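Heads up: the structure comes next, in C-alpha cells.
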Amino acid sequence: MALAPGMFMKQAIPKIKRQVGGETALCATSGGVDSMVCAFLAHRAIGKRLIALFIDDGLMRENEAKVVSRTLRKHGVRTVVMPVAKDFFKALKGKTDPEDMRKAFRDTFYRTLGKAVRKYRASYLIQGTIAADIKETKGRIKSQHNVLSQIGIDPRKYGLSIIEPLVTLYKPGVRKVGKALGLPRSIYERMPFPGPGLATRVVGEVTPERVRIVRKATAIVESGMKRFKPFQTFAVLLNDRATGIKKGKRAFGNIIVIRSVESKNALTAFPTKVPYTVLEKIQKKICREIPQVTKVLYDLSPKPPSTIEYI
Ligand code: XMP
C-alpha cells in the first residue's frame, strides 16, 4: 500500500462522502475481508445512508447470512439479506466451462444489484474490488465477479453507478485499513472468500445438491484447519468419481479436495504444510458425515502453476 492506512482513510472517507452526497448507497457484502472492510469504511463515511446488502445466492458457506448480517448489525450497519438462490442456480444450470460459469454469475450478480438499487432507491453501489481482482481479470487469468468498467463493461447496463474505494489496495493493505478502522481482528483477518462463493469450488455443473456437498465439506475443512490460520482453506468438489465402500457396499462416490494455501496478496500462494494426522482426521470426518463422498485428496499445488480456487 502506497499510503499509510490512517492517511488512506483520511482521503477515502471524505471522498465517499463527496461521491454519495445526500443520496443512499448500497454495499454488496459477501462476508470476505474486502467487502466487510469496504462496508465499514463506507459506513464511517455515510452512516445510515449506507445499506449493506448480503446477496443470499445459495452459494455461501454454512450460516454465513446469519453470521455476516449479525456482525454488521452489531456494529450499527443497516443490513438487508436478499434471498435469490433460485436466480443463481437457474443462471448456472448446465454450465461447466469455468469462464462461462463466472460470466453467468457476474451477470446475475449485477442484475440482482440493479434490482436492489431500485428497490432501496439507492443512487450508488459501493463495492470492495481490490487491485488484485483487476490485475487477474485484465491479465485474463479469470474473470473476477466484481470487475466491470476496467474491462469495458458499462455498469449503466445494469442501472448502476459504482464506487470502488479499495481499488488501489492489495489484501495486506485492506487488512491494515480494517485494523485502522478499529474493527475486531476476526473481521480484518477473516479469510478471503470469493464473490462467486462455493461456485468457484465446484468443478462441473453447480447444482443445489453439489453445493450442499461442498458446503458441508467446507465447514469440516475450515474447522479442522482453523488452528493453522491459513491464508485460505476450503473444500473442492471434483467433477470425477471414484469407487469406494460405504456401509459394506460398493459406492461410486464423489471426490473432495482439501485446499489450504499460504499467501500475502493471493497473486502467488503455497500449500500449507499440514501434519498428516490432521489431514487424516479431516478425511475421516468428511467420509463419515457426507454419504456421497468416497475419496478425499490434499492439493499440493502452489500458485503458479495452479490458481487458488478451482474455476
Ligand atoms: P485465484 O483462484 O485466482 O484467486 O488464485 C485469487 C484470490 O481471489 C479470490 N477470488 C475471487 N474473489 N471474486 C472475488 O471477490 C472472484 O470472482 C474471485 N475469484 C477468485 C480467491 O478466493 C483468492 O483469494
Side-chain angles (χ1 to χ4, degrees), residues 27-39 53-55 57 59-61 64 68 88 91-92 95 97-110 112-113 125-148 150-151 153 162 164-167 169-175 188-203 206 214 218 221-222 225 229-236 257-272 299-311:
C27 181
T29 316
S30 68
V33 60
D34 305 338
S35 64
M36 288 297 261
V37 170
C38 182
L53 178 74
F54 182 91
I55 298 179
D57 54 13
L59 303 166
M60 293 292 166
R61 288 170 290 184
E64 197 65 359
V68 174
F88 281 84
L92 291 166
K95 301 217 165 35
D97 174 79
E99 279 297 295
D100 286 351
M101 289 159 80
R102 284 181 164 273
K103 285 171 187 164
F105 180 92
R106 182 179 69 198
D107 187 56
T108 315
F109 178 75
Y110 283 109
T112 308
L113 285 167
L125 169 70
I126 303 180
Q127 65 177 15
T129 307
I130 65 168
D133 300 336
I134 296 166
K135 196 168 178 166
E136 300 222 288
T137 304
K138 283 176 107 174
R140 295 182 177 268
I141 309 260
K142 49 182 78 173
S143 306
Q144 301 244 6
H145 81 289
N146 50 1
V147 179
L148 284 184
Q150 294 89 349
I151 52 166
I153 304 173
I162 297 182
E164 296 172 316
L166 307 182
V167 273
L169 304 181
Y170 285 89
K171 200 69 76 183
V174 177
R175 295 198 200 280
Y188 68 78
E189 282 198 350
R190 236 189 150 196
M191 264 192 302
F193 186 69
L198 299 174
T200 62
R201 295 153 187 191
V202 170
V203 186
V206 177
V214 86
T218 298
V221 171
E222 280 192 3
M225 294 292 297
K229 297 196 172 99
F231 177 80
Q232 242 174 315
T233 189
F234 51 87
V236 179
V257 176
I258 304 170
R259 181 77 163 139
S260 184
V261 294
E262 306 308 324
S263 176
K264 281 207 167 68
N265 53 17
L267 295 174
T268 57
F270 298 91
T272 310
D299 183 344
L300 287 174
S301 324
K303 174 181 179 177
S306 295
T307 59
I308 295 175
E309 308 288 350
Y310 270 52
I311 72 145

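Computed from a predicted model, the values in this text were never measured in an experiment. Numbering of ligands and ligand atoms starts at 1, following listing order.
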Ligand 1 contact on Pro196 by region, counting heavy-atom pairs under 4.0 Å: side chain
Do any nitrogen or oxygen atoms of Asp133 lie less than 3.5 angstrom from nitrogen or oxygen atoms of ligand 1? no
Which ligand 1 atoms are under 4.0 Å away from a heavy-atom of Thr307? 1 (P), 2 (O), 5 (O)
What residues form a salt bridge (Lys or Arg N to Asp or Glu O under 4.0 Å) with Arg61, not counting sequence neighbours? Glu64, Glu222
Quick check: does Glu309 get an N/O under 3.5 Å from an N/O on ligand 1? yes
Counting both backbone and side chain atoms, is some N or O of Gly195 under 3.5 Å from an N or O of ligand 1? yes
Could you point out which residue of Thr268, Thr272, Thr233 forms a side-chain hydrogen bond (donor to acceptor under 3.5 Å, both in side chains) with Glu262? Thr272
Min over Lys171, Arg201, His145, Gln144 of heavy-atom distance to atom 10 (N) of ligand 1 lands on Gln144
Gln232: numbered ligand 1 atoms lying under 4.0 Å from its heavy atoms: 21 (C), 22 (O), 23 (C), 24 (O)
Closer than 4.0 angstrom, basic N to acidic O: yes or no for Lys95 and Asp100? no
Strictly under 4.0 Å, does any heavy atom of Arg102 approach an atom of ligand 1? yes
Any atoms of ligand 1 less than 4.0 Å from a non-hydrogen atom of Lys303? List them with their elements. 1 (P), 3 (O), 5 (O), 6 (C)
When you measure from the side chain of Asp133 to the backbone N and O of Ile130, does any donor-acceptor pair fall under 3.5 Å? yes
Going by the rule side chain to side chain donor-acceptor pair (under 3.5 Å), which residues pair with Lys135 if we only count those two or more places apart in sequence or in a different chain? none
With heavy atoms of Pro192 as the reference, note each atom of ligand 1 found under 4.0 Å away. 24 (O)
Output yes when the distance from some N or O of ligand 1 to some N or O of Ile308 is under 3.5 Å, and no in every other case. yes
